[in-house]
K.L.:
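Take this structure, written in structure tokens, and hold onto it; I'll ask about it next.
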Amino acid sequence: MDSLQDVFEGAATIEENAIQYSIFFPVLSDPDSMLDRVQDSLAMIRSLVQPHINDYLWQKDQFYLAIVHDDSKDPGYPYLHGITHFGDCIHDEWFIVYLLRLITEKIANTVATLYDNDGDVLLIEAAMALPAWLDPSNSQNRVALYKGDVHIIPMPRTPADLIQVPVALTQARAVEIIRNPRIETRADAAIQEVIDARKATHDERHLARCTLPAHAAYVLLQHPQLLPLAVEAFYLRDPVGLKACSTMRRFPPNDSVTTTVKFTKTTYAQTVSQKFYPPKPFHLPKPSNKRSFFMAELGMKVACGLEMLYYQSSSIDANVDEEAQKTKSIAEDPKYKQFLSRLTRLGYFRQERSGSKLYRELEQQAQQQYREMRRDVDDPETFAGSQVLPNPHKTIDNLLSTYSEEALDKLLKANPDIEDNDDWMNVDPQQLEELLNQRMGQMQNGMMADFEREINDEDDDPMPEGGVDLDKMMSQFANFIEGSKSGLDGVDFPGEEEEDEDDSDYEGEEDVDASLSFDAERFMNILTNVLGPAPGVPVEQKEQEQPLQKEEKDRLDEEEEEDVIKQMDEEINAQEKLGSFAKQTDDVDAPVDVSLNLVKNILESYKSQQGLPGPAGNILGQFGIVLPADDEEDDDDDDHDQNEHQNVHNLKK
């Protein structure tokens, strides 16, 4: 259980591999009416998402929402909040994003936010398409889902914008701005496309044939959601769990059946990839019979996971179910009848007839929600932020209490005798390269378009035979050294500042540094004229002292500069590596050729990267220069240096 304090602290307290999400509704002036609206909306949301999550297998926790409210926190009105631990299955996280987009699209005026321990999920996914101004330092409370789309609140650019969009946003104010039709917050099409590309569907499921103990098959066919929990117990097994597998008391492998089990791709990969020797109760077929051995080994791992899960959860307090049974029937509660009447008017039951299967399922959800609301009233500091199975130990006991061979045969006949191909687990280097290219295709297409544009612009300036324009390389390096600036955000290459100024909405914007220049001497003269000379010093004496002090200071500066230059010359002359600088001629007294040494050092640095990212390759990439791969052997270094020398010599011509 998480307290309200944990909820409001947000990402600072969020656990690893967990996602938090909140849904906000329009505020009503009457607190009771506001709470009724949130309760009704929660029921409608559960009715909306129920068809989508009915057959979905969750890695750990399910998608779950609860009402939270604290007048002293932000926001100070009731809203919905949930936490889901998704473990190693990132697909669960994106399935929740899909559900939140569906909720904000179908239920009017709802705004949803979400984040995990890494930060804002949407910004991380769309990092390559984000505007330049947006970074983790200023993104708090600026990103949300609204009407099924991603919305980003812009930074104020003019004093007038500050009135509508402050720099520091509270959550309540951010929700108001996103709903305001006069403020454009919908993110660019490129960001929407990136999020649309991460559609999460039931394609994550994987059907596999397994040979399981009869009791294990009966439990999994009755309650498929137990399988991810069993796989997790097997994957993270400890000596206590292994001790339980040595006897297999709850799931004895005496009677085994072969059936199709519903995995997720994550749980299937986790199970197959583990090396696990069968405990004594198991007797697997010979490995020569590959098909039978694989099904028996896979079923053995799943059964051992169920056994571990059963004994690990035996210590969990099961009083929750007992208390629920002791609670009086809510069907006779007048407040529940009012709650059910509001849901009926809102279309919660989807025009289903009373007594139908779907009607009973929706009614059970409404009863469960009403119990939770009553519990929250009794203990408002308690927040049920995530929901897993109430108690796997008790759930397994309840399922096996109805076990019979006839019931098992009925389930086996109803279960489809199919399985999926697992070729998706085998990815060769070429397929991996294709996947990476597909994932980064949009960015690469943009880079290639820019590169082709540069080539077309330089058709009048043919490249040398070597394929690299050394003249362009040296000129761009010179511009980089002379015109670039660096700061906390990295290096600004020449031309980037001009682009930022072109995009600015301010008219007549001038250089900030120039407007903030400070002349200390002029400032002191102004103070002297206004306040008068220092006490005890005549004006004539002070005016005579100023030229003398300035001359003395200039003389000392010149002597200090000459001394520094002399020390630098002595240091350089004392270095033995001075002769390693390349020169155009063999004359020892000839001056060092700066251009030749620049190209030589660049090529040597690029060669030392061995095809990996490095400073030389990164800087050349910013210039649009792509050097060919270096396939030369070490013993050809002399010829390589001669080629560099000849390239520079041709360039000077």
K.L.:
Answer yes or no: is there a donor N or O on one side and an acceptor on the other, between the side chain of Ser356 and the main chain of Glu352, under 3.5 Å?
P.N.:
no
K.L.:
Tyr403: which residues meet the ring-ring contact (aromatic ring centres under 6.0 Å, His included) condition with it, sequence neighbours left out?
P.N.:
His215, Tyr218
K.L.:
Side chains of Thr258 and Thr211: any donor to acceptor distance under 3.5 Å?
P.N.:
yes
K.L.:
How far apart are the closest heavy atoms of Ala129 and Ala190, and which atoms are they?
P.N.:
CB-CB, 4.0 Å
K.L.:
Salt bridge between Asp422 and Lys265, side-chain N to carboxylate O under 4.0 Å?
P.N.:
no
K.L.:
Enter the distance from Leu229:CG to Gln312:CD here, rounded to the nearest 0.5 Å.
P.N.:
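The CG atom of Leu229 sits 10.5 Å away from the CD atom of Gln312.
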K.L.:
With distance as the sole test, does Asp116 use its side chain to make a donor-acceptor pair with the main-chain N or O of Gly119 at under 3.5 Å?
P.N.:
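Yes, the answer is positive, given that a donor and an acceptor are paired below the 3.5 Å cut-off.
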K.L.:
Do Leu212 and Leu220 make a side-chain contact, defined as non-hydrogen atoms from C-beta onward lying under 4.5 Å apart?
P.N.:
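Yes, side chains in contact.
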K.L.:
Which residue pairs pass the side chain to side chain donor-acceptor pair (under 3.5 Å) test when at least one of the two sits in residues 99-109, sequence neighbours left out?
P.N.:
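Sorted result for residues 99-109: Arg101-Asp196.
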K.L.:
Considering only heavy atoms from C-beta outward, does the side chain of Thr84 approach that of Tyr64 to under 4.5 Å?
P.N.:
no
K.L.:
Taking the side chain as everything from C-beta on, heavy atoms only, tell me whether Pro51 gets closer than 4.5 Å to Asn54.
P.N.:
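Answer no - side chains too far apart.
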K.L.:
Using modelled atom types and a 3.5 Å cut-off, is there a donor and acceptor pairing between side-chain atoms of Gln192 and backbone atoms of Val150?
P.N.:
yes
K.L.:
Going through the distances and angles, do His69 and Tyr79 end up as a ring-ring contact (aromatic ring centres under 6.0 Å, His included)?
P.N.:
CA-CA 7 Å; His69 180 209; Tyr79 65 98; 8.7 Å; no
K.L.:
Tell me if a side-chain donor or acceptor on Arg186 pairs with a main-chain N or O of His151 at a distance below 3.5 Å.
P.N.:
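No.
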K.L.:
For Tyr115 and Tyr21, what are the C-alpha separation, side-chain angles and deciding distance, and is it a ring-ring contact (aromatic ring centres under 6.0 Å, His included)?
P.N.:
CA-CA 7 Å; Tyr115 51 87; Tyr21 37 91; 9.5 Å; no
K.L.:
Under 3.5 Å, is there a donor-acceptor pair linking the side chains of His393 and Ser313?
P.N.:
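No.
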K.L.:
Tyr77: what forms a ring-ring contact (aromatic ring centres under 6.0 Å, His included) with it, not counting sequence neighbours?
P.N.:
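Expected list: none.
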K.L.:
Distance-only, no hydrogens or angles: does the Tyr268 side chain make a donor-acceptor pair with backbone N or O of Leu207 under 3.5 Å?
P.N.:
no
K.L.:
Yes or no on side chain to side chain contact (heavy atoms under 4.5 Å, CB included) for Asp417 and Arg209, after CA distance, side-chain angles and deciding distance?
P.N.:
CA-CA 8 Å; Asp417 187 13; Arg209 300 281 291 172; 2.6 Å; yes
K.L.:
List the steps and the verdict of side chain to side chain contact (heavy atoms under 4.5 Å, CB included) for Ser22 and His81.
P.N.:
CA-CA 4 Å; Ser22 303; His81 190 84; 2.6 Å; yes
K.L.:
Carefully, step by step, assess Ile23 and Ile45 under the rule side chain to side chain contact (heavy atoms under 4.5 Å, CB included).
P.N.:
CA-CA 10 Å; Ile23 300 178; Ile45 288 173; 4.0 Å; yes
K.L.:
Taking side chain as C-beta onward, heavy atoms only, is Asp55 less than 4.5 Å from Arg205?
P.N.:
yes
K.L.:
How far does CZ of Phe276 sit from OH of Tyr235, to the nearest 0.5 angstrom?
P.N.:
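With rounding to 0.5 Å, CZ (Phe276) is 14.5 Å from OH (Tyr235).
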K.L.:
So, the side chain of Asn117 versus the backbone of Asn17: is there a donor-acceptor pair under 3.5 Å, distance only?
P.N.:
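Present.
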K.L.:
I'd like to check the ring-ring contact (aromatic ring centres under 6.0 Å, His included) partners of Trp424; sequence neighbours left out, ordered by chain and number.
P.N.:
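Checked Trp424 against ring-ring contact (aromatic ring centres under 6.0 Å, His included); matches are His206.
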K.L.:
Run through Phe63, Phe95, Phe86 and flag the one making a ring-ring contact (aromatic ring centres under 6.0 Å, His included) with Trp58.
P.N.:
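Only match with Trp58 under ring-ring contact (aromatic ring centres under 6.0 Å, His included): Phe95.
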K.L.:
Considering non-hydrogen atoms only, spot the tightest contact between Glu125 and Val194 and give its length.
P.N.:
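Closest heavy-atom pair between Glu125 and Val194: O-CG1, 3.5 Å.
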K.L.:
What distance separates Thr266 OG1 from Ile90 CD1, expressed to the nearest 0.5 Å?
P.N.:
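Output value for this atom pair is 9.5 Å.
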K.L.:
Are any of the side-chain heavy atoms of Leu227 and Thr264 separated by less than 4.5 Å?
P.N.:
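When only atoms from C-beta onward are counted, Thr264 and Leu227 do not touch, as no gap falls below 4.5 Å.
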K.L.:
Drop me the distance from Glu193's CD to Arg198's CZ, to the nearest 0.5 angstrom.
P.N.:
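It is 16.0 Å, given to the nearest 0.5 Å.
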K.L.:
Is there a donor-acceptor contact under 3.5 Å from the side chain of Asp149 to the main chain of Tyr146?
P.N.:
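Between the backbone of Tyr146 and the side chain of Asp149 there is no qualifying donor-acceptor contact (under 3.5 Å).
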K.L.:
Show the nearest heavy-atom pair for residues Val257 and Ala217, with the distance to one decimal.
P.N.:
CG2-CB, 3.6 Å
K.L.:
Using a 3.5 Å distance criterion without hydrogens, assess whether the side chain of Arg46 forms a donor-acceptor pair with backbone atoms of Leu42.
P.N.:
no
K.L.:
Answer whether the closest heavy-atom distance between the side chains of Phe24 and Gln171 falls below 4.5 Å.
P.N.:
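Side chain of Phe24 against side chain of Gln171, heavy atoms only: contact under 4.5 Å found.
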K.L.:
Classify the ring geometry between Tyr56 and His91 as parallel (under 30°), tilted (30 to 60°) or perpendicular (over 60°).
P.N.:
parallel
K.L.:
Looking at every non-hydrogen atom in both residues, tell me the closest pair between Leu309 and Ala233 and how far apart they are.
P.N.:
N-CB, 4.0 Å
K.L.:
Okay, side chain of Asn415, backbone of Leu221: is any donor-acceptor separation there less than 3.5 Å?
P.N.:
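Checked: no pair found.
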K.L.:
In terms of heavy-atom contacts, does CD of Glu176 have more than 12 from other residues, nucleotides or ligands at under 6.0 Å?
P.N.:
yes
K.L.:
Salt bridge (Lys or Arg N to Asp or Glu O under 4.0 Å) with Asp188: which residues, sequence neighbours excluded?
P.N.:
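Salt bridge (Lys or Arg N to Asp or Glu O under 4.0 Å) list for Asp188, sorted by chain: empty.
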K.L.:
How long is the straight-line distance from OG1 of Thr259 back to CG of Leu412, given to the nearest 0.5 Å?
P.N.:
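Separation between the atoms: 5.0 Å.
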K.L.:
Please determine which of Leu99, Val49, Leu80 meets the side-chain contact (heavy atoms from CB on, under 4.5 Å) test together with Leu65.
P.N.:
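Result for side-chain contact (heavy atoms from CB on, under 4.5 Å) with Leu65: Leu80.
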K.L.:
Taking C-beta and beyond as the side chain, do Leu114 and Leu145 meet within less than 4.5 Å on heavy atoms?
P.N.:
yes
K.L.:
I need the Leu226 CG to His223 NE2 distance, nearest 0.5 Å.
P.N.:
5.0 Å
K.L.:
Show your working on salt bridge (Lys or Arg N to Asp or Glu O under 4.0 Å) between Asp74 and Arg173 and close with a plain yes or no.
P.N.:
CA-CA 9 Å; Asp74 175 35; Arg173 180 62 178 145; over 6 Å; no
K.L.:
Do Thr113 and Val143 have side chains that get closer than 4.5 Å, going by heavy atoms?
P.N.:
no
K.L.:
Quick one: does Thr260's side chain have a donor or acceptor within less than 3.5 Å of a partner on Pro416's backbone?
P.N.:
yes
K.L.:
Only one of Leu123, Asp120, Ile178, Val165 clears side-chain contact (heavy atoms from CB on, under 4.5 Å) with Arg142; which?
P.N.:
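Passing option: Val165.
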K.L.:
Search all heavy atoms of Asn141 against all heavy atoms of Leu169 and return the closest pair with its distance.
P.N.:
ND2-O, 2.9 Å
K.L.:
Under 3.5 Å, which donor-acceptor pairs do the side chains of residues 297-307 form with other protein atoms, sequence neighbours left out?
P.N.:
unit_1 : atom_1 : unit_2 : atom_2 : d
Lys301 : NZ     : Thr271 : O      : 3.1
Lys301 : NZ     : Gln274 : O      : 2.5
Glu307 : OE1    : Phe251 : N      : 3.1
Glu307 : OE2    : Arg249 : N      : 3.2
Glu307 : OE2    : Arg250 : N      : 3.1

K.L.:
Looking only at side chains, do Asp88 and Gln59 share a donor and an acceptor under 3.5 Å apart?
P.N.:
no
